[in-house]
Structure formats: structure tokens, C-alpha cells
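To keep things clear, I will list the structure first and then write my remarks on it.
Numbered from 1 within each chain, the chains take letters A, B, ... in sequence-line order.
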Amino acid sequence: MTGSSTPVLELRDVSKSFGPVVALRAGSLRVEAGSIHALVGENGAGKSTLVKVVAGVHRRDGGDFLLGGDSVDFGSTSDSKDAGVAVIYQEPTLFPDLSVMENIFMGRQIVGRGRRIDRAAMYAEAEGLFGRLGVDLDPRRPARGLSIADQQIIEIAKAISLDARLLIMDEPTAALSGVEVERLFAVARSLRDEGRALVFISHRFDEVFDLCDTITVMRDGSYVATHRTEDTSSPAIVAEMVGREVADLFPKTPAEIGEPVLEVEGLQSRGVFHDVSFTVRRGEIVGLAGLVGAGRSEIARAVFGVDGYDAGRVRLNGREIRRRSPRAAIDAGMAFVPEDRRAQGLVTEASVARNVASVIRGGLARAGLLTTGAENRAAGPWAGRLEVKTNALDMSARTMSGGNQQKVVIAKWLATEPDLLIIDEPTRGIDVGTKSEVHRLLSELAGQGMAILMISSELPEVLGMADRVLVVCEGRITADLPRADATPEAVMHAATRQLEVAG
Amino acid sequence: MTSPRTYSDFSQPLWRRVLLTREMAVIVLTVAVVLYSLANVPNFDGPLTVKFLLQDIAPILLIALPMTLIIITGEIDLSVASIVGLSSVMLGVLHDNGLSVPVAALLALLLGAACGALNGFLIAYVGLPSLAVTIGTLALFRGIAVGLLGTKAVTEFTERWTDLATDTLGSSNIPVVMVPFVVLAIGFSLLLHFSTFGRGVYDIGLNDEAAHFTGVNVARTKWILFVLSGVVSAFAGVYYTLRFGSARGDNATGMELQVIAAVLLGGVSIFGGRGRLHGVIAGVVLIGVIASALRLEGVTVNVTNIIIGLLLIASVISTPLLSWVATRLPRKAPPSEEPTTPKQATPAGV
Amino acid sequence: GSEDSGSDSGGESDGGGDVSLTMLPKNLGNPYFDTSTTGAEAAAEEVGATIEQVGPETGDDPAGQVPFINTVAQQGEDGLIVSANDPEAICDAIGEARDAGVKVVTFDSDTNPECRDLFINQATSEGIAAKQLELISEQIGGAGEIAILSAAANATNQNAWIEMMEAELESNPDYADIELVDTVYGDDQDQKSFDQTEALLQNHPDLKGIISPTTVGIAAAARYLSESEAKGKVMLTGLGTPNQMRPFVEDGTVEAFALWNPADLGSLAVYATAALVNGDITGEEGDTFEAGELGEFEVGPDGVVLLGEPFTFNADNIADFDF
Amino acid sequence: MTPHAGIRHPDGTEASTSEVLLVEPSTLSPARRMATTVLRSRELSIFLVLVAVTVVATLKNESFLFSADGWRNFWVNPSLLLLLAVGQAVVVITRNVDLSVGSVMALTAYLTGRLFIDQPGLPIVAVFAICILAGAVLGLVNGMLVAYFNVPSLVITLGTLYIYRGIVLSWAGSDRINAGDLPSDFLALGNKAILTIPVLTIIAMAVLAAVGYYLYTARGGREFYAIGSDPDAAVLYGLNVRRRVLAAFVLSGALAGLVGVLYTARYGTVSSGVGSGIELQAVAAVVVGGVAIFGGSGTVWGAAIGAFLLVTINRALPSLGIEDFWQRAVVGVLILGAIVLDRLLANRQARKLAEAREMTT
Ligand SMILES: Nc1ncnc2c1ncn2[C@@H]1O[C@H](COP(=O)(O)OP(=O)(O)OP(=O)(O)O)[C@@H](O)[C@H]1O
Ligand SMILES: Nc1ncnc2c1ncn2[C@@H]1O[C@H](COP(=O)(O)OP(=O)(O)OP(=O)(O)O)[C@@H](O)[C@H]1O
Ligand SMILES: [Mg+2]
Ligand SMILES: [Mg+2]
């Protein structure tokens with residue numbers, strides 16, 4: 001980065017607190033035109049907060065905020081838009097009732113004669129955007145019912161259509177598959193070549209090093225260091241992020257495999273998945289791989305009884321499980337850590353104790369009476385075992401960072417001492433430190449004889465953790481690979497098999 | 001893993017958790033109004049006050065119990081007053097056709113349960129919005145009630161029962177109806193605050209999807225609540241009928257808004273997930289006391305309405321107003337040694 | 001607050017010797033009751049009583065009057081003058097008021113006789129029924145379909161009159177050709193009464209006349225007729241106040257209607273109550289008492305005091321009245 | 001820089017469509033698409049119910065439609081509720097509700113009378129203007145409280161329902177406006193007709209058309225839907241949520257104010273009890289008209305048809321020989337039927353999405 005030219009974006013010692021919570025104490029960032037700048041840091045490091053300050057969602061408490069050299073102070077996101085800043089937020093924010101097209105253009109619709117909005121023009125442009133991203137979404141379809149992946153793609157289309165001089169992407173790839181990530185990167189590079197500035201936040205180092213030319217590290221809400229990509233390496237970055245050396249990311253310790261725990265036969269749900277059959281054995285970690293939108297979550301949800309299914313049967317320890325009843329699944333010994341922890345995993349407004357005890361509280365009642373004391377006594381040890389960071393059990397989980405929340409979710413399910421743990425995207429949006437803890441925990445549990453079904457969009461994670469990899473493609477299981485044969489090539493081949501047949 | 005860390009149970013001392021609550025505010029306000037009235041309102045200290053007051057608010061007190069739980073799940077039941085009217089008519093018609101009051105009352109309760117079950121089915125199992133559904137059944141139940149009796153009113157009830165509805169306990173001024181109320185109040189408190197069912201009720205109000213993932217039977221919980229609401233409303237209808245010795249289709253018209261106003265005043269969030277029963281009970285009493293005191297002062301109804309309206313609005317804007325003031329006040333951000341752990345994050349709402 | 005009127009019956013305690021009365025109409029905002037209250041206030045001046053009007057906003061809730069009756073009991077007023085929304089629903093409350101030493105007199109609309117001390121009856125039901133049939137009959141020429149637009153479906157007095165009319169139509173040969181085809185209820189609300197009138201005309205194309213024995217109803221019906229094609233074809237009569245009906249009598253929508261003077265009714269109620277409070281009468285049949293310029297009245301059977309016969313208003317005399 | 005710039009890029013536009021796709025981009029021609037959306041629309045379905053009711057009632061008794069009065073009432077009677085429903089619809093679309101309309105209407109109805117009595121000279125237009133303004137101000141109070149404290153509108157407007165009503169009662173007391181107090185040409189307005197269509201109806205339709213057009217074609221209009229669909233997202237989009245919510249309540253208040261005047265013109269007498277309970281009718285009309293009670297979807301056209309249907313059903317029942325005591329019951333059934341229908345249509349769409357995915361598999 002040539003210090004001479006004025007940077008597009010410059011932040012110096014920006015701070016932001018939410019009441020007593022200091023989210024950002026001294027955030028600094030300097031982004032040059034024509035560069036892609038990575039922002040990395042553990043969960044809760046303050047990345048998203050920093051982004052939201054730039055976007056005008058939050059007003060900074062202190063520090064300097066310069067855009068194109070002159071100091072600015074955004075009161076709302078419309079200010080930042082007008083200043084040419086486009087942001088992809090960490091959580092997709094769409095209007096479910098409106099069409100995909102309206103979601104992209106809301107607030108800045110193309111208007112024709114008499115300020116009437118010009119739908120035709122916008123449909124055309126939306127289709128153009130999707131063409132450019134290489135996805136095939138109907139702009140007229142309502143946003144309701146889209147998978148996280150599809151929602152993320154709309155966010156991206158929205159952002160690039162803004163044609164901004166500064167594009168900030170907060171973990172855009174968290175829900176995306178390899179193909180889509182590649183397309184996104186292609187677009188990102190082309191934008192950079194146009195001379196725009198991009199900020200890219202991700203917990204996946206392969207992506208960071210693949211895409212970005214500069215990396216800024218944050219820790220505990222403060223700026224740590226900035227490096228040119230070629231001058232550094234991921235272990236170095238990781239060390240700076242955590243401030244300590246991190247153990248091997250995928251410490252899978254082989255456990256001896258026992259008798260089948262979960263047996264799924266001919267599971268089918270119209271429009272989502274078809275004759276899905278597989279088993280998971282005691283002590284075994286089965287990875288469910290596939291492109292996003294392949295239907296893995298749907299399969300998991302059906303097995304656990306959150307969704308219904310049209311045909312097939314699910315058996316746990318030989319006993320058939322009533323369909324469409326999570327309660328039945330839980331009582332039979334299943335646990336399910338869902339994909340979206342804020343919406344599905346936690347009651348974020350409720351206390352840590354309530355959340356951790358929420359599944360087992362039925363057993364905590366004495367003489368039919370359930371007391372907060374009983375809940376705390378039951379929840380404390382599990383929260384402790386997962387090293388949840390909170391200073392009291394009656395804190396709400398709302399303001400915790402992603403990783404910490406994930407720990408609460410896992411604690412809540414381990415408290416049920418299940419025979420089978422289904423875990424969907426165990427480390428989506430979780431920092432390396434917590435990530436390795438989670439992986440260590442999983443293999444430890446497997447070692448103790450728990451059967452684990454793990455869904456992940458991160459191939460390295462699947463290959464690293466799983467004893468067996470099932471590949472899902474368009475709602476069908478297209479491969480069942482033992483750990484030995486599970487090479488990236490094999491998995492990707494199976495994950496795209498039918499597509500090739502089709503194409 | 002390494003030595004598991006331990007936590008304190010609470011982030012705040014007991015007195016803060018007990019005293020600095022919305023409920024406590026309502027209770028204090030209620031007590032204050034009572035004391036003021038005793039001192040300044042002529043005849044408020046009279047022997048009849050307690051009796052009349054409790055008799056007047058009894059139906060609202062009763063219906064407010066299930067309504068509280070329903071609103072905590074994020075739903076609402078606008079049809080309660082119509083169920084009061086319908087059960088009243090039922091009681092009258094059946095009694096007219098020779099059934100004894102207790103039998104007729106029992107059937108009226110069953111009818112109430114059926115009404116609640118219908119609401120519950122459409123809302124919990126078909127998944128329709130409760131506001132819309134219960135506006136519909138509000139019209140439907142009331143329509144049936146008025147349709148059944150038309151211009152007639154049944155006024156011949158066995159003395160014994162009408163007396164019971166207006167009697168007081170022994171020599172005290174406490175109406176007999178307070179006995180079933182207290183029993184129900186205790187029952188509902190245990191259900192809401194000391195049972196797994198109650199925890200489910202709060203979870204549903206805060207995040208029903210997560211509750212579903214956690215094994216809470218969202219549909220059944222809601223259904224049960226609406227059935228309870230139907231039964232209790234019907235019971236209120238029976239009491240209402242016997243107290244006034246008159247079964248009519250238009251009994252208790254418009255009471256649903258009074259009940260909801262009281263529940264919200266008592267600190268229950270219309271968004272669900274927040275609120276406690278003692279606050280609600282205080283809310284009902286507060287409205288009753290104010291109305292009674294103002295009548296004694298010869299103040300007309302409309303002023304009472306204005307005051308209730310203002311209280312209602314104050315009860316919801318007070319919180320944001322205070323926090324707004326708080327942000328205006330100079331605040332020193334204490335550098336917390338463990339930043340990723342907010343030194344003192346917001347305590348859980350429930 | 002009790003403004004002290006000089007004439008003092010040197011009694012003791014409550015309200016400084018004044019007789020304290022409360023006037024409880026079916027609902028506030030009803031011109032008919034406003035007039036009766038005006039009369040009552042005038043009479044209160046005469047007998048040296050303080051009087052206060054309270055009441056519910058709407059007359060549709062049968063129990064709506066109960067809290068006000070309770071309040072009177074709490075305040076230990078001397079007398080309560082009430083027009084009952086429901087013959088039964090308020091009896092218990094009245095009972096408690098009487099236990100608390102309150103004299104209770106109903107006017108305009110009665111409760112069950114055993115509930116109250118006296119009922120001040122504007123006119124005998126027979127009288128009222130006969131009067132209205134007589135009016136409608138001569139307006140429609142003694143033959144054709146008629147309908148009734150009443151107030152609330154439960155109003156005691158309304159239903160009594162309607163029964164009487166039905167009976168009279170049956171029995172009286174003069175009315176052999178008159179057919180009562182429908183009875184609808186406007187709940188003493190303008191809009192409802194208005195829409196009910198519309199429904200009547202629409203559903204009974206051959207309708208000749210409408211009887212509306214309630215001031216709100218007849219005014220709303222007149223207002224509808226005055227703009228409708230039925231004006232002049234469909235006759236309207238009933239009980240109304242001159243001020244409300246004046247424009248419609250003048251524009252010919254209405255030929256004639258009846259009413260007693262509500263002011264006299266209110267004033268008589270006050271005299272009667274005062275007499276009860278002062279112990280001049282007990283409410284026994286045959287008791288007599290003075291009612292200012294209204295003259296002397298006697299308590300009839302069931303503790304009923306009769307004001308007199310209804311008066312007929314028409315184009316010739318309506319200008320002379322202002323209430 | 002125009003937002004178009006983005007796509008003029010020599011880049012992956014040729015990308016194979018062999019992606020994991022959900023639903024094929026619609027291949028229908030715009031005309032066909034328009035036709036199908038209209039045919040599938042909620043509005044059409046209840047419009048058909050309205051037609052059916054009218055036809056049956058007219059067959060039973062043709063004066064229902066084919067008499068001067070019948071025709072006039074067919075158009076006039078729904079007009080007031082229709083106006084309230086339009087305002088209510090906009091509020092509901094933003095995921096709010098306005099329960100205070102009945103009280104606002106009462107205030108301006110009485111105000112109308114007072115103006116004519118106290119300021120005899122005042123031209124009728126001025127009275128309209130003043131009352132609409134008054135309504136708008138009352139709506140503004142609701143909007144302020146809801147938007148700036150962001151507290152639930154149900155509670156706020158329940159509060160102002162009591163307060164505004166209390167104000168009317170204290171102001172009017174037991175005084176009432178009689179037809180005699182009002183200028184005759186104002187009263188005439190209640191029944192005047194142009195080409196047999198009553199003026200009241202024309203006013204209502206004009207308002208409806210204006211609001212409907214705005215909601216469909218203006219940025220602002222679309223933002224109402226966005227806000228109702230997801231308020232938090234609306235903030236992140238940089239939409240001015242407060243201003244829109246404020247606008248919705250002001251509109252609702254202003255229309256309620258207008259209804260107050262029209263009520264006085266139509267009914268001639270005003271007492272303090274005017275319009276009590278009408279708020280639930282307005283909400284009912286909106287729901288019957290297919291506006292989602294939790295915002296984000298629905299149209300004022302639907303709400304208007306809903307209002308028309310509710311009123312017309314009430315008028316029709318007697319002709320169909322149903323005692324009017326049962327009217328409320330029928331209305332209840334109607335409301336329930338409408339929302340169940342909504343659910344069925346929604347399920348059908350969901351099934352379509354599933355099938356669409358099936359195709360691609
Ligand atoms: N609205 C809020 N109110 C209170 N605290 C908040 C809020 N938003 C974030 N925080 C706190 O600020 C800190 C930083 O949060 P932030 O989301 O910026 O971290 P992050 O780097 O984006 O983490 P992740 O990688 O998981 O997204 C966390 O401790 C979080 O709990
Ligand atoms: N609520 C919904 N309504 C309609 N379609 C849905 C819904 N949720 C998911 N889908 C579709 O079902 C398929 C599976 O979605 P999903 O994203 O859960 O698959 P996945 O393999 O779990 O991907 P992920 O990596 O996000 O878990 C996708 O085509 C998605 O678009
Ligand atoms: Mg983040
Ligand atoms: Mg998934």
C-alpha cells in the first residue's frame with residue numbers, strides 16, 4: 001500500500017460501546033482504492049461493530065472516521081449509501097413478503113415518468129446481476145423461503161448493484177459453497193480492477209489468502225496489525241488474532257466404532273430430498289457434505305422431527321421415532337445443534353441458565369415445581385465445561401458474540417447427554433480459537449461413544465473430522481465415502497454429479 | 001477439558017431484582033392511589049367500598065389470568081367478552097329449560113371450553129394470526145349469543161345461587177367470588193412461574209422457532225391456553241349472570257379491551273415473552289380503584305377513561321423514555337478487563 | 001359540592017340539612033333525559049335538595065348502571081332517581097342502596113316493583129300504546145302494513161308498550177286492516193336506528209307507517225325519511241322531543257307525534273323522592289303528596305305514580321315548545 | 001453513476017445456469033403473468049363473494065339494488081367504513097394497527113357540528129379542511145408515540161382510543177348536534193349524487209384510488225410494505241422508518257377525520273357515542289380484504305372490497321330473511337372464512353415452490 005495516495009477509507013482509534021459493553025475500543029483500518037482488504041479477528045473482536053460504524057448503523061463514540069480523505073459522521077445507513085459505501089451485513093436482512101427484485105432495489109428503485117417506479121427495468125437489471133453472479137434466481141419470487149445461501153446471494157447482488165466506491169462484506173461466504181464463492185471472488189476482483197476498495201471479513205483463511213492483498217488483524221476490539229498478504233502466513237495471523245498459539249485445527253482422534261445408533265431408511269420429502277438412507281454408529285462422526293442448498297439441513301431437520309417427511313422411517317437405537325416431534329426425538333436420545341443459532345438455537349432474550357437448562361428442565365421439576373435455583377444448579381456445570389464467557393447465569397445471550405452463543409447452544413444439548421448429536425454448521429462464523437475447541441470437543445464426545453452427524457459447508461472441516469462422509473446432491477445421497485477415500489476431488493465430484501449429467 | 005469455570009447465579013443483588021421491576025412499580029402506584037383515596041376521597045374508607053370494588057373487577061381479574069399467559073406467548077384473545085356473553089346466554093337458556101343452575105353452569109363452562117378450543121385450533125394448529133381470528137370469533141360468539149336470546153332476557157334464577165354470587169365471606173366485606181379467584185390465581189402463578197409449561201410459554205413468546213427446536217410443543221401449549229381462556233371467561237360469564245340475575249346476549253360488551261388494558265398496564269409486553277402475574281393483578285386493581293374513587297368524587301366516566309388511557313401509554317413509554325434520558329446523561333465507560341465478556345450485559349428479561 | 005339553598009328543613013347531618021339526590025338516567029347524552037334532569041333540578045331547588053346527574057355513556061350494557069348505584073350507596077345519599085336499563089340486573093344493587101338507607105325511585109323505565117320504593121310512570125302503557133296506534137291509524141287511513149322501531153331489545157318500557165300495541169291491534173276492530181309486519185331495534189343509537197329504518201323500508205316495500213316509541217329512534221327515522229323517496233308515502237309517528245322533530249314536522253315528513261313533558265316527569269320524580277326522604281309518604285298505595293305546580297299526586301297500586309296522558313305535538317303547536 | 005453500471009461488465013454473465021437453482025425464472029409473458037396474478041389474487045376471491053351476496057339479495061328483493069333508495073344506500077352505506085379501512089390498511093401494512101379511529105371520528109363529527117353552530121359563516125370546504133386537519137393531528141400524536149418511542153401501536157392506540165373518546169365526552173357532555181343545527185346544503189351532501197353515484201361514494205373512491213396508486217407505484221408506497229415486512233431490515237436499508245410510520249398514522253387519522261364530517265352530513269345527528277366500536281369493524285374489513293395482520297402484504301383495494309362486503313352483508317341479511325340479531329355471527333364467519341382462505345392460498349404457493357424445486361431435481 002502506497003501511503004501517498006489518500007485512502008478510500010481510514011479509521012483511527014474508533015471506539016463504540018453499548019451501554020456497559022465495550023464492543024470496539026480502538027479500531028483502526030486503512031483501505032486503499034483498488035485493493036481488497038481482509039479484516040480478521042476472533043468472534044467478538046469487533047469486526048461487525050466496526051463495519052456497522054462505517055455503514056452508519058452505529059454512531060462511533062470516539063476516534064476519526066475519514067472517507068476519501070474528509071472526516072464524515074453517518075447518522076443512518078442512507079448517509080453511507082449516498083457516500084458510496086455498500087455493505088453486506090453478517091446476518092442477511094431481507095423483506096420476506098417482497099419479491100427478490102424489490103429486495104434488491106428497495107429505497108432506490110429506478111423511477112420513470114412521474115416518479116413511477118419502473119418494474120420492468122429493475123427485473124431486467126436484477127436478472128443481469130444474477131447472470132453476473134452466475135446464479136439462477138427468479139427475481140419475481142418472494143424472498144420468503146429462500147435458504148440462507150440464496151439470501152446471502154441477494155445481499156451480494158444488492159451490494160454490487162450499488163456500484164459503490166467502497167464495498168464491505170461481513171462474512172459473505174459463511175453460507176456459500178465453493179462454486180458460489182469462486183463467482184463472488186471473480187466479481188470482487190473485477191471490482192478491484194475497476195479501482196474500487198473492498199473490505200472482506202471471513203474466518204476462512206484459505207479464502208482470505210486467496211482473495212485479499214492486505215490483512216488487518218483485530219483483537220478485543222482493538223487494532224493489532226496490518227500486513228501485505230505475501231509477507232505473512234496463516235499461523236502468524238492466527239497467533240496475532242488469538243494472542244496465543246493454537247493447537248491443530250482438526251484433532252480427530254480415532255474412536256472405536258460401535259453398533260448403529262441412528263438408522264434412516266428411504267426418507268423423502270417432496271421438493272426437498274428423496275429416498276435418503278444412512279446409519280450413524282456409536283463413536284462415529286458422519287459428515288454430511290454437499291453444496292449449499294443441497295438439502296442437508298432439511299434432512300437433519302426431518303430426522304430430528306422439526307419438519308415432517310412424506311415417506312421413510314427414522315430409528316434410534318432400534319426404536320422407531322415418531323415423525324414431526326422433536327420431543328420424541330429428544331426423549332429417544334437425539335440432540336440437534338441447528339444451523340442458525342440466533343433464530344433456532346437460542347432464546348437470545350432468555351438467560352444463559354434458562355437456555356442451557358431448556359431441554360432438560362422437565363426433569364428438574366420437583367413435585368411438579370420448577371425453580372430458577374434448580375435451573376442454575378443444572379446449567380452451571382455445563383456452561384462451565386464449554387467455558388461460556390459470561391459473568392452470571394442470568395445474563396441474556398443476546399449481546400454475546402457468535403462463538404460464545406454457539407457454546408451455549410452446544411452446552412444446552414450436551415446437558416441432555418444424548419446418544420446422537422446432529423450438528424449443523426458447527427463452526428459457521430466462529431473464530432479459530434473457539435473452532436478448535438469445538439472440534440476437540442466433538443472428537444472427545446465421539447471417543448466417549450457418542451454418535452455424531454455433522455453438516456458442514458467447509459470441506460476441510462468435513463474431511464478433517466469425519467470418519468465417513470455422506471455427500472448430498474439436490475436432495476439425494478450421491479456418495480458414502482470412508483475417511484480414507486474422502487478426498488476433496490471425490491467429494492466435489494459426488495456433490496456435483498447430477499449437475500454434470502444434466503449440463 | 002481444563003478445570004471448568006463456575007459462575008455466580010445472579011448479576012444483580014436480590015433487592016435490585018425484586019424492587020426495580022415494572023411489576024413493583026405498578027404495585028407501588030396502586031398502593032399509593034389507595035392510600036391517597038383513603039385520605040382524601042369521601043366515603044372511600046366506607047365498609048362497602050371493598051365489596052363493590054372487588055365485585056366490579058372480579059370478572060376482569062378472572063379473565064386477566066389466562067389472558068396474561070396468552071399475551072406472553074405473543075398471541076391475543078379478543079373474544080373473551082363474547083364468550084362471557086355466550087356462556088351467560090347458555091346458562092340462562094338451559095336454566096329456563098329446567099336445568100338446575102349448577103348443571104347449566106357446568107354446560108356453560110364446557111361451551112366456553114369449546115369456544116376456546118376453536119380459537120386455539122385455528123391459531124395453534126392452522127397457524128392463523130390470533131388478532132384476526134379472535135376479532136372473527138368476537139363477532140361470531142357475540143352474534144350467536146344475541147341471536148339465541150334475541151330481545152329476551154332470562155332473569156329467573158334460583159335465589160340460592162344469585163345470593164351466593166353477591167354474598168360476602170362471613171361478616172367480612174370480601175365477596176365470595178374471591179375464593180375461586182384466589183384459587184385460580186395461585187394455580188396460574190404456579191403454572192406460569194414454577195413449571196416447565198410456564199417456561200415454554202415464555203420461550204414461545206421470545207422465539208417460538210427456537211422453542212420448537214428445543215422440544216416445546218408450541219401448538220399444544222397455545223391451544224391449551226386458549227381453552228383455559230375460554231373456560232375462565234365462561235366462569236366469569238356465569239358469575240356475571242348470577243350477580244346481576246340476568247342472562248343477556250349483550251352482557252359484558254367491550255370488556256375485552258378493559259382486560260387487555262389491565263394486563264398491559266400490569267407490565268406484560270404485547271410482543272410476548274415478558275410479564276408476571278402479580279403485576280397484572282395489581283394492574284386490574286389499580287384501574288378498579290381509580291374508577292371507584294373518581295365515581296365517589298362525582299367525576300364523570302370520561303375523565304376515568306382519559307386517566308386509564310394515559311396510564312396505559314405511560315406504562316409502555318416509561319421504559320424507552322427512561323433509557324433515552326439515561327443516554328443523555330454523562331456516562332463514563334469503565335474499561336472492562338475482559339472485553340469479550342461484557343462486564344455487565346443486559347440481564348435476561350424473564 | 002352542595003350549593004346551599006336557603007330553604008332549610010333544619011334536619012341534621014348529611015350535606016348540611018339538604019336532601020341529597022342522585023339522578024341516574026339510562027345513559028348520558030340523551031336529550032330526553034337531559035330535559036327530565038333539567039326539570040328535576042328545578043324541582044330540587046323548590047324542595048331544597050341537591051341533585052347530581054351521573055350515568056353510563058351508553059345504555060347498551062345492562063349492568064352499566066350498577067357501579068353508579070353502588071357509589072350512591074357508599075355515599076349514603078338520601079335518594080336515587082333511576083331509569084332502569086334492565087328490570088332485573090340492577091335490582092340487587094338497588095337493594096344494597098336501600099339497605100344503606102337510600103330511597104330509590106324509578107322513573108320512565110321501571111324495575112321489578114319489589115326492587116324500588118316508587119315508580120313515576122309518564123303515562124299508562126295502555127295510554128301510550130293507544131295514543132300511538134291512534135296517530136298512525138289516522139295518518140295511514142286505518143289500513144296497511146306498519147312496523148315498530150324500538151330502542152334496546154330489553155328496554156322494559158319499550159317492550160311493555162309494544163306488547164300493548166300488539167294486543168290492541170288484535171282486539172280493536174278499528175285496526176282490523178292494520179298489520180304489524182316487523183319490529184326492529186335501534187338501541188337508541190342514531191346510526192343504528194337510521195340504518196334499521198332503511199332496512200325496514202327496503203324489506204317491506206308496501207310499508208305504510210312506522211311507530212318509533214323512542215326519541216332517538218323517531219328522530220333518526222325522520223332524518224332518513226326526509227331524504228328518501230318514501231317521504232310522504234310512509235308515515236312516521238311515535239315519541240319524540242319537539243326540538244329534535246321540529247324540522248321534520250315543518251318539512252312534512254312527520255304529521256304528528258306524542259310525548260309527555262320529560263321535564264315534568266323529572267320534577268315529579270324529585271318531589272316524590274323528597275316526600276319519601278322527609279317521611280311525608282312511605283310509598284304505600286293511597287299516599288298523596290304535593291308536586292309544586294304539577295299539583296297533588298296519589299300513589300297507585302305497586303307503588304306507581306302516574307304523571308298523566310301523553311300530549312300530541314303537530315305543526316300547529318310545535319312552535320310553542322322548547323325541549 | 002447510475003445503478004445500471006454494475007451489469008455492463010464483461011464477465012461471468014455467460015455463466016452456465018447449471019447452478020443449484022430454486023425456481024426457474026418465470027417465462028410467462030407480462031400479459032399472461034398479469035392475468036394469472038389477478039386471477040389468483042385475494043381481492044378477486046372476495047370481490048366474487050360480494051357480487052354473489054348482492055345478486056342473491058337482489059333476486060330476493062330487487063329493491064335491494066333497483067330502487068332509488070336501494071341503489072343509493074348500496075353505494076353510500078359502505079363509503080364511511082371504506083375510508084376507515086383504507087387508512088387502517090396502510091397502518092396495518094406497516095405492521096401497526098390504529099384502534100383510535102372510532103374516537104377520532106367522533107371528535108371530528110362533533111367538531112363539524114360545533115363549527116356550523118358557532119361559526120355560521122364558515123364555508124363547507126373550510127369545515128372539511130379543519131376536520132381533516134384535526135384528524136391528522138390526532139393521528140400524528142399516535143404516530144409520534146409509536147415511531148419515536150417505538151412501542152407497540154396496539155397499546156398506544158388503545159390508550160388514545162380511551163383518551164380521545166374521553167375528550168369527546170367531556171367536550172360534548174350530553175349535548176348533541178341535531179339535523180336542525182346544520183346547514184341544509186351540507187346535509188344535502190349526504191345524499192347528493194352525480195350520475196346516480198352518491199357524492200360520499202365518489203369522495204371515498206377518489207381517496208381509495210389515490211392511496212392505491214401511491215402504494216403501488218411510488219417509492220414511498222413500497223417502503224410501507226418493506227417496513228411492515230421487516231422493520232429491522234428496513235432500518236439497515238436506510239429507509240426512514242419513522243417518517244413512514246408517522247405518515248401512515250397521519251393518513252389514518254386524517255381519513256378518520258374526513259369520515260367524521262361525512263358521518264355528520266349523512267346522519268345529521270351527532271352524539272358523543274358516535275363510532276364507538278367501529279375500529280374493530282375497520283380492522284375486520286382490512287383482514288377480510290386480505291391484508292396480512294402482521295404487515296408487509298395486501299392492498300387497499302382488498303381492504304375496500306372487504307369494507308364493502310361487511311356492510312353489504314349486513315344490508316342483505318334481512319332481505320335473505322335472517323333476523324338481524326344474527327348479523328354479527330355471519331360477519332364473524334365471514335372474517336374467519338377470509339383468513340382461512342388466505343392460508344389456503346399461501347399453502348398453495350408454498351406447494352408450488354416445492355414442485356418448482358422438484359422440476360429442477
Ligand atoms: N447491539 C449490541 N449490544 C451490546 N453488545 C454488542 C452489540 N453488538 C455487539 N456487541 C458486543 O460487541 C462485541 C463485538 O461484537 P462483533 O459482532 O463486532 O464481533 P465480531 O468480530 O463481528 O464477531 P463475529 O466474528 O462472531 O461476527 C461482542 O462482545 C458483542 O457481544
Ligand atoms: N423455508 C424454506 N422454504 C422453501 N425452500 C427452502 C426453505 N429452506 C430451504 N429451502 C430450500 O431447500 C433446499 C435446502 O436448503 P438448505 O440451505 O437448508 O440446504 P443445506 O444443504 O442445509 O444448505 P446449508 O449449507 O445452508 O445448510 C434449498 O433449495 C433451499 O433453497
Ligand atoms: Mg461479525
Ligand atoms: Mg443447512
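Options D/Val330, D/Val155, D/Val97, D/Asn347 differ in how many heavy-atom pairs under 4.5 Å they form with chain B, and the most are formed by D/Val155. Chosen from D/Leu161, D/Leu99, D/Ile293, the residue pairing most often with chain B at heavy-atom distances under 4.5 Å is D/Ile293. The greatest number of non-hydrogen atom pairs below 4.5 Å with chain D, out of B/Thr137, B/Ile135, B/Ile308, B/Leu122, is found for B/Ile135. When each of D/Val287, D/Val340, D/Leu158, D/Val331 is scored by its heavy-atom pairs under 4.5 Å with chain B, the top score falls to D/Leu158. Interface remark: of the candidates B/Val303, B/Val126, B/Leu78, B/Val126 forms the most heavy-atom pairs closer than 4.5 Å to chain D. Comparing B/Gly127, B/Pro129, B/Gly136 by heavy-atom pairs within less than 4.5 Å of chain D, the highest count is held by B/Gly136.
Interface remark: B/Leu311 contributes no atoms to any contact with chain D (heavy atom separation under 4.5 Å). In this structure, chain B has a heavy atom under 4.5 Å from the side chain of D/Leu154, while its backbone stays farther away. Looking at D/Leu334, neither its backbone nor its side chain comes within 4.5 Å of chain B, counting heavy atoms on both sides. Neither the backbone nor the side chain of B/Ile307 comes within less than 4.5 Å of any heavy atom of chain D. For B/Leu265, no part lies under 4.5 angstrom from a heavy atom of chain D. In this structure, chain B has heavy atoms under 4.5 Å from both the backbone and the side chain of D/Ile163.
For the side-chain hydrogen bond (donor to acceptor under 3.5 Å, both in side chains) test with B/Asn251, the passing option among B/Ser82, B/Ser246, B/Ser88 is B/Ser88; the others fail.
Ion pairing between a basic and an acidic side chain is recognised when a charged N comes within 4.0 Å of a carboxylate O; D/Arg328 and B/Asp250 show no such pairing.
For residues 257-264 of chain B, the interface with chain D (any heavy-atom pair closer than 4.5 Å) comprises B/Leu257, B/Gln258, B/Ile260, B/Ala261, B/Leu264, sorted by residue number.
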Report task. Could you walk me through whether B/Arg248 and B/Val89 pass the side chain to side chain contact (heavy atoms under 4.5 Å, CB included) test, one step at a time? Result -> CA-CA 6 Å; B/Arg248 289 177 39 162; B/Val89 168; 6.0 Å; no
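The side-chain heavy atoms of B/Cys115 and B/Phe226, taken from C-beta on, include no pair separated by under 4.5 Å. Taking 4.5 Å as the limit, some side-chain heavy atom of D/Ser153 sits within range of a side-chain heavy atom of D/Val146. Side chains of D/Arg114 and D/Trp171 form a contact here, defined as non-hydrogen atoms less than 4.5 Å apart. B/Met67 has its side chain within reach of B/Val80: a pair of non-hydrogen atoms, C-beta onward, lies under 4.5 Å apart.
When the salt bridge (charged side-chain N to carboxylate O under 4.0 Å, His left out) test is applied to B/Glu256, no partner is found at least two apart in sequence or on another chain.
Side-chain rings of B/Phe121 and B/Trp223 stay apart, their centers remaining 6.0 Å or farther from each other.
Between the side chains of D/Ser100 and D/Thr157, no donor-acceptor pair is found at a separation under 3.5 Å. B/Thr134 and B/Asn119 share no donor-acceptor pair across their side chains, judged by distance under 3.5 Å alone.
Between D/Ala303 and D/Ala89, the closest heavy-atom pair is CB-CB, 3.7 Å.
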